[in-house]
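Worksheet: the structure to be examined is printed underneath.
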Amino acid sequence: MYYADMPLILYRYLAKEILAPFLLGLVVFTSTLLMGRMLKLAEMVVSNGVPLTDILLLIFYLLPYFAIITIPMSLLLAVMLAFSRLSSDSEIVALKASGISIYRLLPPILSVAALAFLMSAFVSVYALPKGNVAFKKLLYQVLQGRMNLNLKEQVFNDAIPGLVIYVDRSSKEGQLSGILIQDERNPKDTSTIFASTGQLSSDEERRQIHLQLTNGSIHQSRPQGVYRRLDFQQYELKLDLSKAAREIEKNEVDMTLQELRENLKKGGFTKKLGLDMELEIHRRFALPFACFIFAIVAMPLGIQNRRSGKAAGFTLSIATIIVYYIFHSTGRTLGERELLQPALAIWLPNIIFLAGGILLFRQAALERPFTLFDQLASLFAKLMNVFRKGAD
């Protein structure tokens, strides 16, 4: 009876060993990827008065974009760290001495990989396009609202590239007074505009903001030292947000799986967009499927990494992740240049890593050491000798 319960106890033990580093990896990897965006989002809060609730919503909408990458990454890290720990504590040796081969350790690992695959596939197929579209729409609304309601008094506002707007007084209704505008959208024809009062309004259909100025003057500096002044009683300045509008238009990453397939069937797109949509369809499934491949690769790498434990396991997992995504990026580039068929271009890294994982797993099952670790250890010893000689 005890022996019959042994696999179940072992499987629970392995699942617990993987769960904690998996969750930790999700937090660490997601936070790391978010750091690049956090600087811009923080600037929107500090410099432009964007509400913190909008910033938190933007971060929430970004999470699916990162999760499709961080879930497989976290699984690789978790499996490798778990088996590195088991190997360094000689628990793998004890299991083998009890007659349990590493093949019998596959079911719980593949079960966790299947759960990670389902999570990643849900994000890829459903959450990713919705999150991207919601992020771009909210970003446009934030930009538009920032111009309508947050032109700060007695501050040089540079929310729109090429324009610096200074107002002495402003109201929530868009009424302005004491206006100074430096217009450098056309570097060859810069203008400085002064106006006593103004009214700010927006045209949502055309995605434009209108600034109706009264009682002012326009000062222009032309080439060869030419200066021109124009006085006006009424002058309308259009602030074009078309760049932001173009950003919220859907691309292949923002389309649902059904939209991608229907668009490819319907046609009428540029050759590049059609190719990008084909690549995106395969990418939606190839990246989640990497969960199974990473699990198979991580097990033998973790088992063989018995000398250095978790520290080397973490380093090796990061190196494996980097190599995989280099392969993935290279394959996508080859597909975009039509050097490979879209399916092969996206799935080739998975095929290569799966073949390598099966080979490594077989080597570990036969208890044959990998030369990789010996080479890394030798290289590390040489580097330490160089540093010692330099210190002496």
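Since we're looking at a predicted model, the values are computed, not measured.
The pair Glu91-Arg85 counts as a salt bridge, with a side-chain nitrogen and a carboxylate oxygen less than 4.0 angstrom apart. A salt bridge does not link Glu278 to Arg261: none of the charged nitrogens lies less than 4.0 Å from a carboxylate oxygen.
Of all the heavy atoms in Arg229 and Ser217, the pair that sits closest is NE-CB, 4.0 Å. Taking both residues in full, the closest heavy atoms of Glu280 and Glu252 are given as CG-O, 3.6 Å, listed atom of the first, atom of the second, then distance. Residues Leu75 and Phe22 share a closest heavy-atom pair of N-CD1, 3.6 Å. Between Ala298 and Met80, the shortest heavy-atom contact is CB-N, 3.8 Å. For Pro72 against Ala290, the heavy-atom pair with the smallest separation is CB-CB, 4.5 Å. Between Ser74 and Gly25, the closest heavy-atom pair is OG-C, 3.1 Å.
No side-chain heavy atom of Leu19 sits less than 4.5 Å from a side-chain heavy atom of Val112. Between Glu17 and Arg12, the closest side-chain pair of non-hydrogen atoms is not below 4.5 Å. Side-chain contact between Leu106 and Phe361 is present, with at least one heavy-atom pair separated by less than 4.5 Å. Under the 4.5 Å side-chain criterion, counting only non-hydrogen atoms from C-beta, Met299 is in contact with Ile109. Residues Glu336 and Leu279 have side chains in contact (heavy-atom distance under 4.5 Å, counting atoms from C-beta outward). Taking 4.5 Å as the limit, some side-chain heavy atom of Val323 sits within range of a side-chain heavy atom of Phe353. Two residues are said to be in side-chain contact when any heavy atoms from C-beta on lie closer than 4.5 Å; Ile193 and Ile179 fail this criterion. Residues Phe194 and His219 are in side-chain contact: their nearest non-hydrogen atoms beyond the backbone lie under 4.5 Å apart.
Between the side chains of Ser177 and Thr197, no donor-acceptor pair of N or O atoms lies under 3.5 Å. In summary, the side chains of Ser191 and Gln220 do present a donor paired with an acceptor at a separation below 3.5 Å, with no hydrogens or angles considered. Judged purely by distance below 3.5 Å, without hydrogens or angles, the side chains of Asn350 and Tyr324 pair a donor atom with an acceptor atom.
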Under the side-chain contact (heavy atoms from CB on, under 4.5 Å) rule, what do Leu86 and Ile303 come out as? Steps first, then yes or no, please.
CA-CA 8 Å; Leu86 294 173; Ile303 290 171; over 6 Å; no
Trp347/Phe285 under ring-ring contact (aromatic ring centres under 6.0 Å, His included): CA gap, chis, key distance, verdict
CA-CA 9 Å; Trp347 285 94; Phe285 295 100; 7.9 Å; no
Between Met255 and Asn263, does a side-chain contact (heavy atoms from CB on, under 4.5 Å) hold up when you go through it step by step?
CA-CA 10 Å; Met255 298 177 189; Asn263 288 337; 3.3 Å; yes
I would like to know whether Arg283 and Arg332 meet side-chain contact (heavy atoms from CB on, under 4.5 Å); could you show each step before the answer?
CA-CA 9 Å; Arg283 179 179 172 271; Arg332 186 179 179 88; 3.6 Å; yes
Any chance you could lay out the side-chain contact (heavy atoms from CB on, under 4.5 Å) test for Leu105 and Leu10, step after step, and finish with the verdict?
CA-CA 8 Å; Leu105 304 181; Leu10 178 61; 3.5 Å; yes
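Interatomic distance, OG1 of Thr70 versus CG of Leu77, reported as 11.5 Å (0.5 Å rounding). Between Leu58 atom CG and Thr53 atom OG1 the span is 9.5 Å, to the nearest 0.5 Å. Separating the CG atom in Asp254 from the CG atom in Leu260 is a distance of 10.0 Å, to the nearest 0.5 Å. Distance check: Phe29 CZ to Ile71 CD1 gives 12.5 Å after rounding to the nearest 0.5 Å. If you take CG on Leu33 and CE on Met73, they are separated by 6.0 Å, rounding to the nearest 0.5 Å. To the nearest 0.5 Å, atoms CG (Leu273) and CG (Leu275) are separated by 9.5 Å.
Put simply, Ile55 and Met35 are part of two different groups of oily side chains (I, L, V, M, F, W, Y) that touch within less than 4.5 Å, one to the next. By the criterion of side-chain heavy atoms lying less than 4.5 angstrom apart, applied directly or through intervening Ile, Leu, Val, Met, Phe, Trp or Tyr residues, Leu344 is grouped together with Ile293 in one hydrophobic cluster. Leu348 and Ile322 end up in the same hydrophobic cluster when Ile, Leu, Val, Met, Phe, Trp and Tyr side chains are linked at under 4.5 Å. The hydrophobic clustering, which links ILVMFWY residues whose side-chain heavy atoms are closer than 4.5 Å, places Ile68 and Val27 apart. Under the 4.5 Å side-chain contact rule for hydrophobic residues, Tyr103 and Ile358 share a cluster.
Considering Leu176, Asn215, Asp168 in turn, Asn215 is the only one that fulfils the side chain to side chain contact (heavy atoms under 4.5 Å, CB included) rule with Ser196. Remark: of the listed residues Leu180, Asp183, Ile218, Val164, Leu180 is the sole one forming a side chain to side chain contact (heavy atoms under 4.5 Å, CB included) with Thr192. Screening Lys266, Gln258, Lys265 against Glu262 for a side-chain hydrogen bond (donor to acceptor under 3.5 Å, both in side chains) leaves a single residue, Gln258.
Without hydrogens or angle criteria, Arg284 side chain to Val253 main chain gives a donor-acceptor distance under 3.5 Å.
For CZ of Phe232, the number of neighbouring non-hydrogen atoms (other residues, nucleotides, ligands) closer than 6.0 Å is greater than 12. Within 6.0 Å of OH on Tyr65 lie no more than 12 heavy atoms contributed by other residues, nucleotides or ligands.
Residue Val28 shares its hydrophobic cluster (ILVMFWY side chains chained together at separations under 4.5 Å) with Leu24.
A side chain to side chain donor-acceptor pair (under 3.5 Å) check over residues 105-118, counting only residues at least two apart or in different chains, returns nothing.
For Leu63, the side chain to side chain contact (heavy atoms under 4.5 Å, CB included) partners two or more places apart in sequence, or in a different chain, are Thr30, Leu34, Phe60.
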